[in-house]
Amino acid sequence: MKQIYTNTSTPTPILPTPLELELFCIQIWNFYRNSGRNFVWRNVEDPYKVVVSEIMLQQTQTARVAQKYPQFIELFPSFQSLAAASFLDVLSAWQGLGYNRRAKFLHQLAVRVVTVHNGKLPHLPEELVKLPGIGPNTAGSVAAFAYNVPTVFIETNIRSVFIHHFFKADEYIHDRHILPLVAATVDRLDARNWYYALMDYGVMLKQLHGNPSRKSAHHVVQSKFEGSDRQIRAQIIRELIAHPGLDFQSLQHVTQATEERLRRIIASMEKDAMIFSHDQRWSIAE
DNA sequence: GTCCAGGAAC
DNA sequence: GTTCCTGGAC
């Protein structure tokens with residue numbers, strides 16, 4: 001394999017030989033056997049727990065999820081209990097994980113599963129992606145981890161593994177060039193552990209060689225958090241959890257944002273159905 | 001400074 | 001193609 005996928009005008013994908021793929025799989029399995037990670041959300045039979053963990057793990061480090069996940073499951077142990085809870089309670093339990101809109105999506109997902117799917121999470125990715133907060137990647141991972149379906153999906157660690165092994169001399173690698181390799185190597189009988197193994201191997205690669213996914217065509221440098229609208233939004237959420245029915249002046253005092261900026265941010269949060277106003281006072285949405 | 005089991009809405 | 005969040009590890 002050498003410099004095959006760099007020409008984007010006339011892609012001539014050449015798969016590695018069966019032997020190369022076989023050796024690759026053996027290497028991943030060996031690593032997993034010796035150095036695989038263990039998490040409380042792994043090898044669980046309850047699809048609900050898999051969904052909660054996968055939504056939490058979107059753009060959030062495993063250590064942080066490990067800290068928050070157990071209490072969340074204790075508070076809301078099932079789709080039914082989560083669906084029946086208020087958004088305020090769900091959002092409160094979410095604090096510390098970041099990206100608060102995920103809490104909204106997860107809450108709505110639980111309602112949909114209970115009301116539309118009779119409390120049972122669909123098995124297939126094509127159905128899973130129709131649920132709020134679940135895109136192609138999470139649909140694939142949920143199907144694999146919850147039901148051991150040999151799906152084909154990519155997330156940041158998997159991406160790193162394939163870039164490191166099969167695209168050493170390439171740059172700006174598109175996922176469409178990686179997916180055939182994922183499909184060719186997925187374990188038909190043990191997809192669940194195979195993807196655990198790939199993720200663990202990817203984490204190891206990043207520790208050892210830096211992040212191979214920086215060569216991905218999809219890699220984006222994260223914008224600064226300090227001083228951003230995101231920071232203001234987070235402050236507003238925390239404040240309205242503690243003090244429902246707060247007026248504009250109070251929010252301005254807490255956030256120290258200009259009036260124009262704060263009005264704009266509040267409007268966007270109302271549009272996201274994160275908050276709502278009543279008589280010029282704001283609260284967490286329901 | 002970089003990174004984190006991304007998706008929705010614009 | 002941007003915007004949403006968090007805070008510690010590195």
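Residue numbers start from 1 in every chain, and the chains themselves are labelled A, B, ... in the order their sequence lines are given, proteins ahead of strands. These figures come from a predicted structure and were not determined experimentally.
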inquiry  = Output the pairing pattern of DNA chain C as a dot-bracket string, 5' first, Watson-Crick or G-U wobble with both distances under 3.5 Å, | for cross-strand pairs, [ ] for crossing pairs.
reply    = ||||..||||

ask   = Would you say a side-chain N or O of R64(A) is under 4.0 Å from OP1 or OP2 of dG7(C)?
value = no

request  = Would you mind checking if E127(A) and K130(A) are paired as a salt bridge, meaning a charged N to carboxylate O distance below 4.0 Å?
outcome  = yes

inquiry  = What's the closest nucleotide to the side chain of N100(A) if the choices are dC4(B), dC5(C), dA5(B)?
reply    = dC5(C)

task = Report the distance from atom CD of Q231(A) to atom P of dG7(C), rounded to the nearest whole Å.
result = 10 Å

request  = Round to the nearest Å and state the distance from L97(A) atom CG to dC3(B) atom P.
outcome  = 21 Å

request  = Please report, rounded to the nearest Å, how far the C1' atom of dC4(C) is from the CE atom of M269(A).
outcome  = 10 Å

inquiry  = Tell me whether the side-chain N or O atoms of E226(A) pair up with the base of dT6(C) as donor and acceptor below 3.5 Å, since no angle test is needed here.
reply    = no

ask   = When you check the side-chain N and O atoms of S268(A) and R233(A), is any donor under 3.5 Å from an acceptor?
value = yes

task = Look at the side chain of Q59(A) and the base of dG7(B), then say whether one donor and one acceptor between them are separated by less than 3.5 Å.
result = no

request  = Could you check whether S141(A) gets within reach of a base, just the sugar-phosphate, or nothing at all, counting any heavy atom under 4.0 Å?
outcome  = nothing

query = Any side-chain N or O of N157(A) under 4.0 Å from OP1/OP2 of dA5(B)?
reply = yes

Check: S283(A) and L240(A) side chains under 4.5 Å, non-hydrogen atoms = no

query = Would you say dG7(B) has OP1 or OP2 under 4.0 Å from some side-chain N or O of K104(A)?
reply = no

inquiry  = Which nucleotide wins on minimum distance to the side chain of R42(A), given the candidates dA5(B), dG7(B), dT6(C)?
reply    = dA5(B)

key: Flag for T138(A)-Q58(A): side-chain donor and acceptor within less than 3.5 Å   = yes

message = In this structure, how many angstroms lie between the P atom of dA5(B) and the CG atom of L205(A), rounded?
response = 13 Å

message = If I take atom CG in residue D272(A) and atom P in nucleotide dT3(C), what distance separates them, rounded to the nearest angstrom?
response = 14 Å

inquiry  = Check the phosphate of dT6(C) against R238(A), side-chain N and O only, distance under 4.0 Å to OP1 or OP2. Yes or no?
reply    = yes

Gap in Å between the two C1' atoms, one belonging to dC5(C) and one to dT2(B), rounded = 16 Å

request  = Using whole Å, report how far CD of Q108(A) lies from P of dG7(B).
outcome  = 16 Å

message = How many whole angstroms separate atom CD1 of I154(A) from atom C1' of dG7(B)?
response = 16 Å

S92(A) side chain to D89(A) side chain, donor-acceptor N/O pair below 3.5 angstrom = no

request  = Can you tell me, in whole Å, how much space there is between the C1' of dT2(C) and that of dA5(B)?
outcome  = 22 Å

ask   = Should the pair D170(A)-K215(A) be classified as a salt bridge under the 4.0 Å nitrogen-to-oxygen rule?
value = no

ask   = Quick one: M274(A) CE to dA8(B) P, roughly how many Å, whole number?
value = 15 Å

inquiry  = Under 4.0 Å, heavy atoms only, any strand: does Q207(A) hit a base, just the sugar-phosphate, or nothing?
reply    = nothing

inquiry  = Checking contacts here: which listed nucleotide (dC4(C), dA5(B), dT6(C)) is nearest the side-chain heavy atoms of L57(A)?
reply    = dA5(B)

query = Applying the salt bridge (Lys or Arg N to Asp or Glu O under 4.0 Å) test to D200(A), which of R37(A), R33(A), K206(A) qualifies?
reply = R37(A)

request  = Give W41(A) one of three labels, base, sugar-phosphate or nothing, depending on what nucleic acid heavy atoms sit under 4.0 Å from its own.
outcome  = base

query = Are H219(A) and dC3(B) close enough that a side-chain N or O sits under 4.0 Å from OP1 or OP2?
reply = yes

query = What is the nucleic acid contact for Y195(A), judged by heavy atoms within less than 4.0 Å: base, sugar-phosphate only, or nothing?
reply = nothing

task = Answer with yes or no whether Q61(A) presents, from its side chain, a donor or acceptor under 3.5 Å of a partner atom in the base of dG7(C).
result = yes

ask   = Under 4.0 Å between a side-chain N/O of R214(A) and OP1 or OP2 of dC3(B), yes or no?
value = yes

note = Exactly one candidate in F167(A), F24(A), Y201(A) meets ring pair (Phe, Tyr, Trp, His ring centres under 6.0 Å) with F162(A); the answer is F24(A)

task = Looking only at side-chain atoms of K271(A), point me to the closest of dC4(C), dA5(B), dC10(B).
result = dC10(B)

task = Can you figure out which of dG7(B), dG6(B), dT6(C) approaches the side chain of Y99(A) most closely?
result = dG6(B)

query = dC4(C), dT2(B), dG6(B): which one has an atom nearest the side-chain heavy atoms of T156(A)?
reply = dG6(B)

task = State, yes or no, whether a side-chain contact exists between L124(A) and Y147(A) at a heavy-atom distance under 4.5 Å.
result = no

ask   = Among dG7(B), dC4(C), dC5(C), which nucleotide sits nearest the side chain of Q58(A)?
value = dG7(B)

inquiry  = With a sphere of 6.0 Å drawn around CD of Q95(A), does it hold more than 12 non-hydrogen atoms of other residues, nucleotides or ligands?
reply    = yes

query = Between P132(A) and K206(A), who's closer to the 5' end of DNA chain B by nearest nucleotide?
reply = K206(A)

ask   = With respect to the phosphate group of dC5(C), does any side-chain polar atom (N or O) of S228(A) fall under 4.0 Å of OP1 or OP2?
value = no

query = Any side-chain N or O of N211(A) under 4.0 Å from OP1/OP2 of dC4(B)?
reply = yes

task = Specify the residue among R37(A) and I134(A) whose closest nucleotide of DNA chain B lies further upstream toward the 5′ end.
result = R37(A)

